[in-house]
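Everything on this sheet refers to the single structure shown next.
Throughout, residue positions are numbered sequentially from 1 according to the sequence presented. The analysis underlying the following values was restricted to heavy atoms, covering all of them including side chains, and did not include hydrogens, waters or symmetry mates.
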Amino acid sequence: YEDTEIIIADKTTLGLIAALVGLSLISTLMATATFDATIRLHSLLAAVFFFFAVTAAFAKREMLPYALVILIGTGFFVASVGLMHYLGFFQGPWPTKGLGLKAPFPNHNHAAGFLEMIIPLGVALLFARLTPASKLLVGYATFVMVTAHVFTLSRGGWVSLAFSLVLLGIFRLAHSRKRTILLLAALGLFLLLAMVFQIGEQPIDARLATLTDNDLRAIDQFRIAFSASALQMGVSNPLFGVGLGHFIHNFASYRPDDVFIRPRFVHNDYFQAFAELGFPGLIIVMLIAVHILAAGIRTTMACPNGSLEQQVAVGSLCGCAALLLHSFVDFNLHVTANACLFAFLAALCLRKRTEVLPTVGRVPFVAAAFVLMVLFGWQHQNIYRAGVAKRRAEMASAQKQHKEAVNAYVEATKYTPSDAEAWLGLARAHRARAKFALSLELKEKATSIFKEAQKAYEKTLQLNPLRTRAMVEV
């Protein structure tokens, strides 16, 4: 153990991560809706743990092939599942309505965000010194991923992927102009053909037409309204924002007159950071983005031309750049899977900015990491079980099985007693059961159940005083 090198990020990177986690932790401790803030903190900590794990595991050159197998293999798997679901080979649990290819994600923009991070890495590896068989496998996997990405019908995804491939082309033209032009021309031809042959239910040209449509609704009017509300929140609360995960709870105070929905996310990760964490949060997020991109450029320039290390660095850099651009019109960094993949690629960009953990600091560092992971896993397991119980309760409520719904919501509140939404669901289930008892003229029983609903409503408002719907219903 004492002879084993434990690789960690450099002090600048650690400082930026500590600043973001610390600010998020303070926001969570001060939160009105503690449960929602905790969920968001979990997603951030998952990405941070991923970053440290990748940094420690793949810092050495001989470990890079394993990282590439994980990344390209995962991208190929996600793209294959998405294509088979989109083309109707199987149904699965994913929604079939709505735009484009989405499986195994619930939303097509998030599927596009995941794939657009791995595709540049696959293209970059075609320039590396690999065996013909390896290049054939990587090329085929990249072809499948690009195909799936096209059929997500995500406009932000298309623009972000195109930007990342142009960036990759600029890096490559400085080293091998002829091969780069041929490969990128072939890729561009494929994308053009894929858009001409309209596979699936939604024609691609109709989706492209929305980019120049004068109707604001065609370019998603709600996203503009959400961003405007987020800016107002940030300006009104410049020091600490409205709180991590609290955009949804404060939206009513900043809601435009023509918007009648209650969004959880802004559809802009930077504006969301500004609204929820104020100017400090926005500055830290922007500094982290610049730090990753700058480190990726330096790593690319420092590696030998054509080496595997260089192609991994430039591919990871372009993948990070794609998601950072896409984050201006979506909330991919708030999707845990995409945030963890971004952390994976960021760690590869920062491979040259690592240090060996001193022997003196190893025991407290490893002990603290172990305790945090145990606590994180235990709490996350409770959150997962509560989520399963709430889904079961929602299904029971839809089928008017009110007693089963009450039991399921009670189970959810036991796993996550600070979840205001679980208590609100319990109150509504009690209320529906009481109304059913009244319809049978069981007044005493209905009164008793209404009292239970009253307690659940009070608990909801105690946990989240901003939940205005509970005030109306109570």
Side-chain angles (χ1 to χ4, degrees), residues 5-30 37-59 67 117 240-241 243-245 269-270 272-274 276-299 313 316-317 319-321 323-324 327 331-358 361-362 364-377 379-380:
E5 289 187 347
I6 299 179
I7 308 298
I8 59 173
D10 67 304
K11 292 179 181 178
T12 303
T13 307
L14 290 176
L16 289 170
I17 293 174
L20 182 60
V21 173
L23 184 61
S24 301
L25 185 59
I26 292 171
S27 181
T28 301
L29 294 174
M30 297 173 62
T38 303
I39 289 287
R40 293 283 297 283
L41 183 64
H42 268 235
S43 184
L44 174 62
L45 290 178
V48 170
F49 279 130
F50 227 85
F51 175 81
F52 280 111
V54 173
T55 300
F58 304 114
M117 285 189 280
F240 297 105
L244 195 67
D269 285 324
Y270 307 103
Q272 182 124 12
F274 180 46
E276 295 185 347
L277 298 176
F279 276 111
L282 177 62
I283 292 170
I284 293 171
V285 168
M286 297 302 292
L287 285 176
I288 289 175
V290 171
H291 179 65
I292 290 171
L293 296 178
I297 293 173
R298 285 194 294 267
T299 303
S316 301
L317 168 64
C320 288
L323 194 75
L324 289 172
S327 293
F331 54 94
N332 274 292
L333 287 173
H334 288 86
V335 177
T336 307
N338 291 5
C340 287
L341 177 58
F342 180 82
F344 198 130
L345 296 176
L348 294 180
C349 287
L350 293 159
R351 281 182 62 249
K352 298 296 184 180
R353 297 180 61 91
T354 56
E355 300 175 0
V356 178
L357 185 67
R362 287 186 182 185
F365 179 84
V366 173
F370 177 76
V371 171
L372 284 173
M373 289 180 69
V374 169
L375 292 174
F376 177 83
Q379 192 175 25
H380 196 78

CG on Leu341 to CE on Met117, rounded to 0.5 Å: 4.0 Å
Leu277 side chain near Ser24 side chain, heavy-atom distance below 4.5 Å: yes
Residues in side-chain contact (heavy atoms from CB on, under 4.5 Å) contact with Val21, at least two apart in sequence or another chain: Ile17, Leu44, Leu45, Val48
Flag, side chain of Ser43 to backbone of Arg40, donor-acceptor distance under 3.5 Å: no
Inter-residue atom distance Arg298.CZ - Lys352.NZ, 0.5 Å rounding: 13.0 Å
Closest heavy-atom pair and its distance - Phe50, Cys340: CD2-O, 3.5 Å
Heavy-atom side-chain proximity of Leu324 to Tyr270 below 4.5 angstrom: yes
Evaluation steps, side chain to side chain contact (heavy atoms under 4.5 Å, CB included), between Phe240 and Ser27: CA-CA 7 Å; Phe240 297 105; Ser27 181; over 6 Å; no
Identified side-chain contact (heavy atoms from CB on, under 4.5 Å) partner of Thr28 from the options Leu23, Leu41, Ile39: Leu41
Derivation of the side chain to side chain contact (heavy atoms under 4.5 Å, CB included) call for Phe331 and Asn338: CA-CA 10 Å; Phe331 54 94; Asn338 291 5; over 6 Å; no
Thr299 to Cys349 - nearest heavy-atom pair and separation: OG1-O, 2.9 Å
Minimum side-chain heavy-atom gap Leu14-Phe52 below 4.5 Å: yes
Distance-only criterion, 3.5 Å: show the donor-acceptor pairs between side-chain atoms of residues 281-290 and protein atoms not counting sequence neighbours.
none

Contact summary for Leu333 and Ala339, nearest pair of heavy atoms: O-CB, 3.6 Å
Heavy-atom side-chain proximity of Thr38 to Gln379 below 4.5 angstrom: yes
Glu355 (side chain) donor-acceptor with Asp10 (main chain) under 3.5 angstrom: no
Phe58 and Ile7: CA distance, side-chain angles, deciding distance, side chain to side chain contact (heavy atoms under 4.5 Å, CB included) verdict: CA-CA 9 Å; Phe58 304 114; Ile7 308 298; over 6 Å; no
Side chain to side chain contact (heavy atoms under 4.5 Å, CB included) evaluation trace for Thr55 with Ile8: CA-CA 6 Å; Thr55 300; Ile8 59 173; 5.6 Å; no
Any side-chain heavy-atom pair of Phe51 and Leu350 under 4.5 Å: yes
